[in-house]
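Shown next, in structure tokens, is the structure this report addresses.
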Amino acid sequence: MHKKSVKDIEVKGKVVFCRVDFNVPMKDGNVTDDTRIRAALPTIQYLVEQGAKVLLASHLGRPKGQVVEDLRLNAVAERLQELLGKKVVKTDEAYGEAVKAEVKKLGEGDVLLLENVRFYPGEEKNDAELAKNFAELADVYVNDAFGAAHRAHASTAGIAEHLPAVAGFLMEKELEVLGKALSDPDRPFTAIIGGAKVKDKIGVIDNLLDKVDNLIIGGGLAYTFIKAQGHEVGKSLLEEDKIELAKTFIEKAKEKGVNFYMPVDVVVADDFSNDANTQVVSVENIPSDWEGLDTGPKSRETYADVIKKSKLVIWNGPMGVFELESFANGTKAVAEALAEAADTYSVIGGGDSAAAVEKFGLAKKMSHISTGGGASLEFMEGKELPGVTALNDK
Ligand SMILES: Nc1ncnc2c1ncn2[C@@H]1O[C@H](COP(=O)(O)OP(=O)(O)OP(=O)(O)O)[C@@H](O)[C@H]1O
Ligand SMILES: O=C(O)[C@H](O)COP(=O)(O)O
């Protein structure tokens, strides 16, 4: 990586402002999935072992610059304390005199978690004053928040102007895996793109068509492609204004010699619910008052075949409405094929696909599950990540 890492600097005795992405799912005041906390542990533990005074900063949810009691980081601090096996001090603010006083009390190897940085309006505006306030707390800045690296905020970008700024281990790992996939992929290289809307995936499809050998399309966005091929899609999700774009993607795939796989059959339902009546139909025969909610068995088989013959697969977006048992099979088939393909390096691009492999109990079988939803998507689109750009070059 061309950015400095936490290993490139001396941290002993220094106060380190470490931005992490502890934006975790919560229910009734408890952390329901601590994956992102666990993913940041190697950096935190390293800083502790090296004798740094560790200040952790994160956002949680979207409080829009106001204090929202339910979005305080207290439960996160508790979970972190359990995982680290050592005391984590938690402050009710993220900067200011009271916080400075707490920081002064820290000894080498101590850990303090600041309050939700999005309680301050300046955070999302990348306000220079707020960035300075954060920087005043510390001697060094470490960014390990890959999941928030696509945001140019005060704690992800602005602060780096005031302190030596380096990447943490999670940040490095994510950039290494995703970067290698895009710049020097093992082949055959397959991208699987699903999810709800074409509009959210335009950039990623366009960029990946320049790089992959196979592109597999599934999920709700497939119906715009099916329509682009001249078939009726009934009540399925359709973006009328993206049909022409879908045609250009199919054309681009042809020009680039990319094998383009779309569903040949789908599971249609007469209602968006688990108890709906369902049938499997070919894409030429989608009934006018039914909607497609999953890929059909023939498509699943083809997709699994392509996956197993690939050396590298990047997957972003579910193949169907996997949250409903009746329409989870397409997504499950992709997850199972990836789990079975021992020679295939599988990269799960965060968000819903990561939730799906977790739900099917197959997460451990994947080579890399990104902790970034939006961040990994923007990276795959070839966009610059402000949280990375802001760090010091090697
Ligand atoms: N055929 C379909 N019709 C309607 N919705 C669908 C269909 N297939 C999948 N979906 C829905 O798409 C949603 C996921 O879409 P999204 O584009 O957000 O995926 P993602 O990129 O994996 O997630 P994230 O944005 O969190 O990274 C899921 O909730 C799923 O139920
Ligand atoms: O959950 C995420 O993708 C990151 O934590 C970023 O959150 P945001 O979309 O609210 O900026």
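All ligand and atom numbering here is 1-based and tracks the order in the structure.
At least one heavy atom of Y223 sits less than 4.0 Å from an atom of ligand 1.
Of all heavy-atom pairs between V24 and L60, the closest is O-CD1, 3.5 Å. The minimum heavy-atom distance between F22 and I37, with the atom names listed, is CE2-CA, 3.7 Å. Across all their heavy atoms, L293 and A269 have their closest contact at CD1-CB, 3.9 Å. The minimum heavy-atom distance between E174 and S370, with the atom names listed, is OE1-OG, 2.9 Å. Nearest approach of H59 to V117, heavy atoms of both residues: N-CG2, 3.8 Å. Of all heavy-atom pairs spanning I286 and E232, the tightest one is CB-O, 3.6 Å.
Within ligand 1, the atoms closer than 4.0 Å to a non-hydrogen atom of G195 are 12 (O), 14 (C), 15 (O), 16 (P), 17 (O), 19 (O), numbered from 1 in the order shown. For ligand 1 and N316, the ligand atoms under 4.0 Å from any heavy atom of the residue are 21 (O). Close approach to S353 involves these atoms of ligand 1, each under 4.0 Å from a residue heavy atom: 22 (O).
The distance from atom NE2 of H231 to atom CE of M262, rounded to the nearest 0.5 Å, is 7.0 Å. Here the NZ atom belonging to K14 is positioned 12.0 Å from the NZ atom belonging to K53, to the nearest 0.5 angstrom. Remark: E102 CD to D92 CG distance equals 9.5 Å, nearest 0.5 Å. To the nearest 0.5 Å, the span separating NZ on K254 from CG on L209 amounts to 13.0 Å.
Residue, atom and distance of the protein heavy atom nearest to atom 4 (C) of ligand 1 are V321 CG2, 3.9 Å. In terms of protein heavy-atom proximity, atom 27 (O) of ligand 1 is nearest to G351 CA, 3.3 Å.
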Could you walk me through whether F146 and R36 satisfy the side-chain contact (heavy atoms from CB on, under 4.5 Å) test, starting with their C-alpha distance in whole Å, then the side-chain angles of each, then the deciding distance to 0.1 Å, before giving a yes or no? CA-CA 10 Å; F146 175 75; R36 279 180 164 172; over 6 Å; no
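Close N/O approach between D352 and ligand 1 is found [any backbone or side-chain N/O within under 3.5 Å]. Polar contact check, E323 against ligand 1: a nitrogen or oxygen pair lies under 3.5 Å apart. For D294, no nitrogen or oxygen atom sits less than 3.5 Å from a nitrogen or oxygen atom of ligand 1, counting backbone and side chain alike. Checking only distances, A196 does come within under 3.5 Å of ligand 1, N or O to N or O. Residue-to-ligand polar distances place G292 within reach of ligand 1: an N/O pair is separated by less than 3.5 Å.
Nearest to atom 8 (N) of ligand 1 by heavy-atom distance, out of S236, A328, G220, is G220.
Only the side chain of K201 comes within 4.0 Å of ligand 1, counting heavy atoms alone; its backbone N, CA, C and O stay farther away.
Between I216 and T190, the closest side-chain pair of non-hydrogen atoms falls below 4.5 Å.
The closest donor-acceptor contact from the side chain of E358 to the backbone of A363 lies at 3.5 Å or more, if one exists at all.
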Polar pairs, ligand 2 vs protein, N/O only, below 3.5 Å.
| from | atom 1 | to | atom 2 | distance (Å) |
| --- | --- | --- | --- | --- |
| ligand 2 | 1 (O) | N23 | ND2 | 3.0 |
| ligand 2 | 1 (O) | R36 | NH1 | 3.0 |
| ligand 2 | 1 (O) | R36 | NH2 | 3.3 |
| ligand 2 | 5 (O) | D21 | OD1 | 3.2 |
| ligand 2 | 5 (O) | D21 | OD2 | 2.9 |
| ligand 2 | 5 (O) | N23 | ND2 | 3.0 |
| ligand 2 | 5 (O) | R36 | NH1 | 3.3 |
| ligand 2 | 5 (O) | H59 | NE2 | 3.0 |
| ligand 2 | 7 (O) | H59 | NE2 | 3.3 |
| ligand 2 | 9 (O) | R62 | NH2 | 2.6 |
| ligand 2 | 9 (O) | R151 | NH2 | 2.8 |
| ligand 2 | 10 (O) | R62 | NE | 2.8 |
| ligand 2 | 10 (O) | R62 | NH2 | 3.3 |
| ligand 2 | 10 (O) | R118 | NH1 | 2.9 |
| ligand 2 | 11 (O) | R118 | NH2 | 2.8 |
| ligand 2 | 11 (O) | R151 | NE | 2.6 |
| ligand 2 | 11 (O) | R151 | NH2 | 3.3 |

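Closer than 4.0 Å to atom 20 (P) of ligand 1 lies at least one heavy atom of the protein.
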